[in-house]
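To start, the structure itself, in structure tokens.
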Amino acid sequence: MTVRLANNPPVAICILMLINPERRPLAADGNISTAAGLLKLLLSCAQTCLKTSSDEQQLQRSPYDPSVSLHFFCRMKSIRKKQTLILLISLCMSMGKSDFAPYFYDNGAGSSNGNMALFSIAEDTSIGTHVYTLNGSDPEGEPVTYGVTFDKGSKEYFSVEPKSGNVTLIETLDREVQDEIVAFVTITDGRNKVVENVRVFITDANDEKPEFLNLPFIVDVPEDAATGSSIYRVQAIDRDLGSGGSVTYYLQSTPNTKFTIDGHSGVLRVRPGESLDYELSRTHFVTVVAKDGGGKYHGKYQVMTSTAIITINVLDTQDSPPVFIGTPYFGFVYEVSVPGSEIFTVSAKDGDQNNPSAIHYSILNSSDGFFSINSTSGCISLTSFPVQLRNELYELKVKASEVGPDRRLTDYTVTTVTIRVVDLNNHPPTFYGENGQQSRFELTMYEHPPEGEILRGLKITVNDSDQGANAKFRLLLVGPSRVLRVVPQTVLNEAQVTIIVENSTAIDYEKKPVLNIQAVEIDTPERFSATADIVINLLDTNDNIPKFSSEFYIARIPENSPGGSNVVSVTATDPDSGLWGEVKYSIYGSGADLFLIHHTSGIVYTQPWASLDAEVKSKYNFYVKAEDTEGKYSLAEVFVTVLDQNDHPPEFNHNFLEKTMIIGAPVKIEAVDEDAEEPNNLIEYSIMRADPNNIFDINTSTGEIKLKPYIKSMEIVQNITKQKDCRWSVVVQARDRGSPSFSTTAVVKIDITEANRLKGPMASFLMQSRDNPMKALGLAVSVITVMVLVTVMISTIMYFRNTKSNRITPARRIIRRRPKEHRRWTFRPRFGHGDQSFGKFFIDSDTGDNHNANNNSSRAKPPAPSAPVLPPPPPAQSRPSERPRSVPTVSGALASRNASRSSSWRTSKSTDGVEKSGQNKDGSGISSALVSELKMRIEQKIIEANQGYYY
């Protein structure tokens, strides 16, 4: 039997300590063969035991031999050690023989469960995805748990569910950054733990765009580069693997592009049939696209591209002729020019700007010797006097040539220079008036003239003595914009100047009484000009109304101010001049009775007899009017507040007051201050003197007087004073809070009494009315009056109700009264015997109470409109001489004339069934149709009677 020491630490320790006490090294694999050693040890122990038994016998034979005793005890000690060793070895073997370590299943590459050996994962796997399942077992069948760890300092990419072994991705993967992950997977049964080192490979996904190298792309190409020649090589790399890492190139299509690119090598070339020209385009911008071979990313096939811009600078070469600058050229020869005067300077430059050549100027055609040109500067000069020129116009052909390295003239360009002989513009415009040349014109007019009106008081003429185009000039007015307009605006030689009003509102005396206007000639090249000042003096008109400085004024004045006191000063201005600018003030309105206003200064003051009292009226408002001499006016509102003064002292109703005080309840006194505002009308109460003293307290705000808290009964009151009536005097002062403060005093006689045994509000009222018996009398009179009115009202209602009930009310019922004797009241109609349409109406009296014979139906009918109540039948004790008559009813029965008079009522509860049956069986009985028709007519009459009653 072998014991694996690495998997059984307790056994290993015991065996190493007991069997290998010298601590000798064991085998490298950690295994030892214990069968032979243990056998030898057991045999040794058995031999020792045999020797011990023989030693015991020897000791028994020689109990007193010291050598034998010592040898026996040493042997016993050795035996005990070996027995202990055998016991430990047996215990360790029993513990270690069934405790094996768990292990992983190795399912190989491509498996999704096991120990993650040769496991690979795509880099585009999403976080939170279940990527693998750790799977293993324990030989003893114990439950196992799983785990995963990483090297210290490295990123943790996976997490494991301990029980199920499900491995979940928790970090983003990027193969281009890290293509494999080193992890340690563990499996344990709680006692033994197995750790395995695994490498997880990250597979590629097409998630990287191609990246250009050596950005930015700037290429310099000479303009004479051959068509189809290579000018640059573009390079891009893609860090993906497989087809996703292959790169091809193409150019974004643009119109008139001059370049092409090889799709595989990235070589940029000049397109066949195209050429570069520095003079036409110095820079070209080409967009190149790098595209990978495509691949899957997150389960979808995608192709990724990148773009870059190639800047191609075209370099100039010597292939362009000179170019004149600023053509066409025009020069002028004036009448005052002299030989050698510069007429015009031409300028040309080399068409090749990269390395320009010098320019040489010359005149090709014959100029009759009148003009020359500087070969270096291009300046054309006059060689004779202007009077010698035969033509008015000359056209010179000027040649500009490039100077080569050997001073030879190469490429050239020819242009035309036009030279005109003209009159010199040496005379400025001149303004004339009625008295000849002048530069100042004046006009006096009223403000706000009508728009479109011509200023006829101005007579202005302008003249330029030059000839032709030199005599053309333009007029303008320099001054306020869009106020006046000058006609004509363009003049040739001479014109009459007219000025027209364009904006009447801007010509305002109050804004600017004088207008200065200028006429300037500005259209000639020499800028000769002349200026004339036009001064317009405006006359004022009454075009403004007086205007107050404010739309309303707020003033305050103390009450009791003497008459004539100033209240407020209002101000209005009129910008017009003279009498039109003078303002006169007046006052009016419902609140202006107590006020006056000074007609020139605008000071508002009170009437001499006015007396302002805030308690009577504290707010006034009225209008003030500002008017000029022509009646134009404006209004403003004045609000005057009369400020309250403390001019009223507080006043009691009486200087001597009598009050009855119940112990525990206060009495209240009240004074009134007629001032209008606080704090002048706020009153404070105080006790000036009391007899006896220190008995009462008073509320300073409400004036409530009450006893000191310690006085709670009449016994305490009688102990304080020897008077039996307990009437005490208190001098109360009422003082307002104004400045200066006023006060008033009153003497209050207080009758002290104890609370009445009566409870409730009536007792309180009676106690309070002891001082005022009229109050109690008034209450009693009021109560009696209310009771009388209620009684009269109830009597009136009952009267009208009884009156209304005496009418015949629509009640559909039959009242029957039982006669003392069984007599039937029979109504015999006064119809002839030959009338077969009617029988007899009769009533059958029952022995019971009166009841409606129509109510004997077993089914209840809805109530119908009630008919008027019929009078009851005559009493049973009627005189024999009177013939009994039946009472007609709504529910009466119709009998035949030949029927017996003793037949009972058809619907009666009488027990006379024989008569009913005889009545029904009679051959000459009632016609049911006739009875129904009669019943309908009676009911219709009743309904009509009811409607007439209610309406």
Side-chain angles (χ1 to χ4, degrees), residues 278-280 316 318-404 407-429 464-474 490-493 520-530:
Y278 176 83
E279 287 72 28
L280 295 179
D316 189 26
Q318 293 297 327
D319 61 345
S320 299
V323 178
F324 281 99
I325 301 172
T327 57
Y329 295 138
F330 296 94
F332 299 92
V333 176
Y334 300 102
E335 57 182 347
V336 294
S337 299
V338 296
S341 300
E342 296 181 358
I343 298 175
F344 196 81
T345 299
V346 297
S347 178
K349 65 178 182 178
D350 190 355
D352 302 313
Q353 298 183 7
N354 189 25
N355 188 16
S357 302
I359 304 297
H360 179 272
Y361 301 96
S362 60
I363 297 177
L364 295 180
N365 61 340
S366 175
S367 59
D368 298 332
F370 296 129
F371 305 99
S372 63
I373 190 171
N374 188 308
S375 61
T376 303
S377 64
C379 179
I380 300 174
S381 303
L382 183 64
T383 59
S384 61
F385 289 99
V387 296
Q388 299 175 353
L389 300 177
R390 302 183 183 92
N391 301 325
E392 184 180 353
L393 186 66
Y394 292 87
E395 292 184 353
L396 304 181
K397 299 293 184 179
V398 178
K399 177 181 178 182
S401 305
E402 293 183 7
V403 180
R407 306 300 297 173
R408 291 187 305 110
L409 301 180
T410 57
D411 291 342
Y412 65 90
T413 300
V414 179
T415 189
T416 299
V417 179
T418 302
I419 298 177
R420 183 182 298 275
V421 180
V422 296
D423 177 39
L424 185 65
N425 184 23
N426 53 1
H427 297 92
D464 192 332
S465 58
D466 289 323
Q467 301 297 321
N470 294 332
K472 184 179 180 180
F473 56 93
R474 187 161 61 93
T490 302
V491 180
L492 182 61
N493 291 118
V520 182
E521 180 262 2
I522 59 171
D523 262 359
T524 57
E526 293 77 16
R527 300 295 188 219
F528 287 121
S529 62

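Residue numbers start at 1 and run along the sequence shown. Note that the structure is predicted; figures quoted are calculated from it, not measured.
Here the closest non-hydrogen pair linking Ala400 and Pro322 is O-CG, 3.7 Å. Minimum interatomic distance between Tyr412 and Lys399 (heavy atoms only, all atoms of both residues): CG-CE, 3.4 Å. The minimum heavy-atom distance between Tyr361 and Ile373, with the atom names listed, is CB-CD1, 3.9 Å. Contact record, Pro321 with Thr413: CB-OG1, 3.8 Å, taken as the closest heavy-atom pair. Gln388 and Phe370 get closest at one heavy-atom pair: O-CZ, 3.5 Å.
Rounding to the nearest 0.5 Å places CD1 of Ile343 at 8.0 Å from CG of Leu396. To the nearest 0.5 Å, atoms OG1 (Thr376) and NE2 (His360) are separated by 7.0 Å. Once rounded to the nearest 0.5 Å, the distance linking CZ of Arg420 with CG of Leu389 reads 13.5 Å. The structure places OG of Ser401 at 8.0 Å from CD1 of Ile359, a figure rounded to the nearest 0.5 Å. From Arg474, atom CZ reaches atom OG1 of Thr490 across 7.0 Å, with rounding to the nearest 0.5 Å.
Checked against side-chain contact (heavy atoms from CB on, under 4.5 Å), Pro339 has the following partners two or more places apart in sequence or in another chain: Phe385. With sequence neighbours left out, the ring-ring contact (aromatic ring centres under 6.0 Å, His included) criterion links Tyr394 to Phe371. Partners of Val323 under the side-chain contact (heavy atoms from CB on, under 4.5 Å) rule, at least two apart in sequence or in another chain, do not exist in this structure. Listed by chain and residue number, Val333, Tyr334, Ser341, Leu382, Pro386 satisfy the side-chain contact (heavy atoms from CB on, under 4.5 Å) test with Ser337 (two or more places apart in sequence, or in another chain). Partners of Ser381 according to the side chain to side chain donor-acceptor pair (under 3.5 Å) rule, which considers only residues two or more places apart in sequence or in another chain, do not exist here. For Asp350, the side-chain contact (heavy atoms from CB on, under 4.5 Å) test picks out Gln318, Asp352, Pro356, Ser357, Glu402, with sequence neighbours left out. For Lys397, the side chain to side chain donor-acceptor pair (under 3.5 Å) partners are Thr416, not counting sequence neighbours. A search for ring-ring contact (aromatic ring centres under 6.0 Å, His included) contacts involving Tyr329 returns Phe344, not counting sequence neighbours.
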From CA spacing to verdict: side chain to side chain contact (heavy atoms under 4.5 Å, CB included), Ile380, Val398: CA-CA 10 Å; Ile380 300 174; Val398 178; 4.3 Å; yes
Evaluate the side chain to side chain contact (heavy atoms under 4.5 Å, CB included) criterion for residues Leu409 and Val403: first the C-alpha distance (whole Å), next the side-chain angles of each, then the deciding distance (0.1 Å), finally the verdict. CA-CA 5 Å; Leu409 301 180; Val403 180; 3.9 Å; yes
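The neighbour count for Glu342 CD, taken as heavy atoms of other residues, nucleotides or ligands under 6.0 Å away, does not exceed 12.
For the pair Ser347 (side chain) and Ile325 (backbone), a donor-acceptor distance under 3.5 Å is absent.
Looking at Asn365 and Ile363, their side chains come closer than 4.5 Å, going by heavy atoms from C-beta outward.
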